[in-house]
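Below is one structure, written out as structure tokens; comments come after it.
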Amino acid sequence: MSLHFSEHMIYVLIKVIVDDTEDVSLDVGNEEELALQKAKIRHPLATFFHLFFRIGAIVAYLFCDWFSKSFITCFVIILLLLAFDFWSVKNVTGRLLVGLRWWNQIDEDGKSHWIFEAKKASPNISTSTEVEARIFWLGLIICPIIWTIFFFSTLFSLKLKWLALVIAGISLQSANLYGYVHCKTGGQQNVSKSASRFLSQQLFQRAVKR
């Protein structure tokens, strides 16, 4: 009797230990999965081009004279990099990395409307990671500051031929900065709701015309 009782107690203890071990391993797995979600980059190509064009424009501005003595060549290369950066950040990387977008829309009356939207985050599915968001905002904020420094250095060194290019750099990158800050702070609207609202307005206007 005592032997059976001892065997039963040993079985219960082993089962409890195994169950506790499984719970701990599952908790560790969940913690590791959450850590990976926070750490990994889900959109490596978008993250790369978010920094490539704007850093490329700054590097070209600093060292273009080493590779070409032609001011026009340097001017065109830097301006193209700035334009590519403006387009990619405004239309691609902001939507993928932080779920924000902004644009200008002209209605049928010819009135211009600025639209700032923030995609509503799902509790289970995250559109971006903390690393991507940090890279996005750091690149968005630091680069206009660098171009502002270039502006004052251009004035103090009397290199006025570069002034128009520096102003273009400040304008293009500050426009994206202003747009995305406005999306983050004052344009918290769901993208799908805004799209459906716009579509319903268009259908209503067409129905009225008919």
Side-chain angles (χ1 to χ4, degrees), residues 35-68 70-105 114-122 125-151 153-154 162 164-192 194-195:
L36 285 174
Q37 277 186 342
K38 291 181 179 180
K40 71 178 182 179
I41 295 178
R42 292 186 178 180
H43 308 93
L45 197 61
T47 305
F48 171 77
F49 281 107
H50 177 71
L51 298 176
F52 175 75
F53 291 122
R54 52 185 47 218
I55 293 178
I58 292 172
V59 172
Y61 178 80
L62 291 173
F63 303 108
C64 193
D65 288 337
W66 292 12
F67 303 101
S68 176
S70 173
F71 169 75
I72 296 177
T73 302
C74 295
F75 189 95
V76 171
I77 290 173
I78 298 170
L79 192 61
L80 284 175
L81 289 171
L82 289 171
F84 290 151
D85 169 71
F86 177 80
W87 184 90
S88 63
V89 172
K90 178 180 177 294
N91 297 306
V92 181
T93 63
R95 178 174 53 85
L96 292 178
L97 300 183
V98 289
L100 305 175
R101 66 177 183 176
W102 64 276
W103 75 94
N104 180 265
Q105 177 180 299
W114 292 97
I115 301 175
F116 305 92
E117 291 184 342
K119 187 174 182 180
K120 189 175 182 180
S122 172
I125 301 175
S126 177
T127 56
S128 62
T129 64
E130 292 182 5
V131 174
E132 289 177 339
R134 192 176 295 113
I135 290 173
F136 177 84
W137 288 110
L138 284 176
L140 201 68
I141 294 170
I142 292 175
C143 290
I145 295 175
I146 294 175
W147 282 104
T148 304
I149 295 173
F150 289 163
F151 174 79
S153 66
T154 302
W162 294 100
L165 183 62
V166 173
I167 292 174
I170 295 173
S171 301
L172 291 174
Q173 298 198 353
S174 297
N176 267 326
L177 177 60
Y178 171 80
Y180 283 116
V181 168
H182 199 5
C183 288
K184 189 71 176 176
T185 58
Q188 300 286 344
Q189 297 178 358
N190 188 278
V191 174
S192 60
S194 299

For G139, does its backbone N or O pair with a side-chain atom of R54 as donor and acceptor, under 3.5 Å?
yes
Determine whether F84 and W87 satisfy the following criterion, ring-ring contact (aromatic ring centres under 6.0 Å, His included), listing intermediate values before the conclusion.
CA-CA 5 Å; F84 290 151; W87 184 90; 8.7 Å; no
Mind running side chain to side chain contact (heavy atoms under 4.5 Å, CB included) on R101 and F116 for me, showing each step along the way?
CA-CA 6 Å; R101 66 177 183 176; F116 305 92; over 6 Å; no
Test item: H43 and L97 side chains (from C-beta on) under 4.5 Å apart, heavy atoms
yes
For F75, is the CZ atom crowded, meaning more than 12 foreign heavy atoms sit under 6.0 Å from it?
yes
F49 ring center within less than 6.0 Å of F53 ring center:
yes
Reported CD1-to-CD1 distance for the pair I55 and I142, which is rounded to 0.5 angstrom:
9.0 Å
Quick one: does I170's side chain get under 4.5 Å of P144's, heavy atoms only?
no
Tell me if the centroids of the rings in W162 and F150 come within less than 6.0 Å of each other.
no
Parallel, tilted or perpendicular: which describes the rings of H182 and Y178, with under 30° parallel and over 60° perpendicular?
tilted
Can you find a pair of side-chain heavy atoms, one from L96 and one from R42, that are under 4.5 Å apart?
no
For the side chain of H50 and the backbone of F136, is there at least one donor-acceptor N/O pair under 3.5 Å apart?
yes
When rounded to the nearest 0.5 angstrom, what is the spacing between CG in L177 and CG in L172?
12.5 Å
Is there a donor-acceptor pair under 3.5 Å between the side chain of E132 and the backbone N or O of T129?
yes
In terms of relative ring orientation, are W102 and W114 parallel, tilted or perpendicular, with 30° and 60° separating the classes?
tilted
Rounded to the nearest 0.5 Å, what separation is found between the CH2 atom of W147 and the OG atom of S153?
10.0 Å
Evaluation steps, side chain to side chain donor-acceptor pair (under 3.5 Å), between T154 and Y61
CA-CA 12 Å; T154 302; Y61 178 80; 3.1 Å; yes
From L82 atom CG to I58 atom CD1, the distance as rounded to the nearest 0.5 Å:
8.5 Å
First locate atom SG of C74, then atom CG of L79, and finally report the distance between them rounded to the nearest 0.5 Å.
12.5 Å
Between I115 and N104, is any pair of side-chain heavy atoms under 4.5 Å apart?
no
Distance col, row C183:SG vs N176:CG, nearest 0.5 angstrom, shows 10.0 Å
When you compare the side chain of T73 with that of F67, does any pair of heavy atoms fall below 4.5 Å?
no
Taking the side chain as every heavy atom from C-beta outward, state whether I41 and I135 have any atom pair closer than 4.5 Å.
yes
Does the side chain of W137 come within less than 4.5 Å of V181's, by heavy atoms?
yes
When you compare the side chain of F86 with that of Q173, does any pair of heavy atoms fall below 4.5 Å?
no
Main chain of D85, side chain of S88: is a donor-acceptor contact present, judged purely on distance under 3.5 Å?
yes
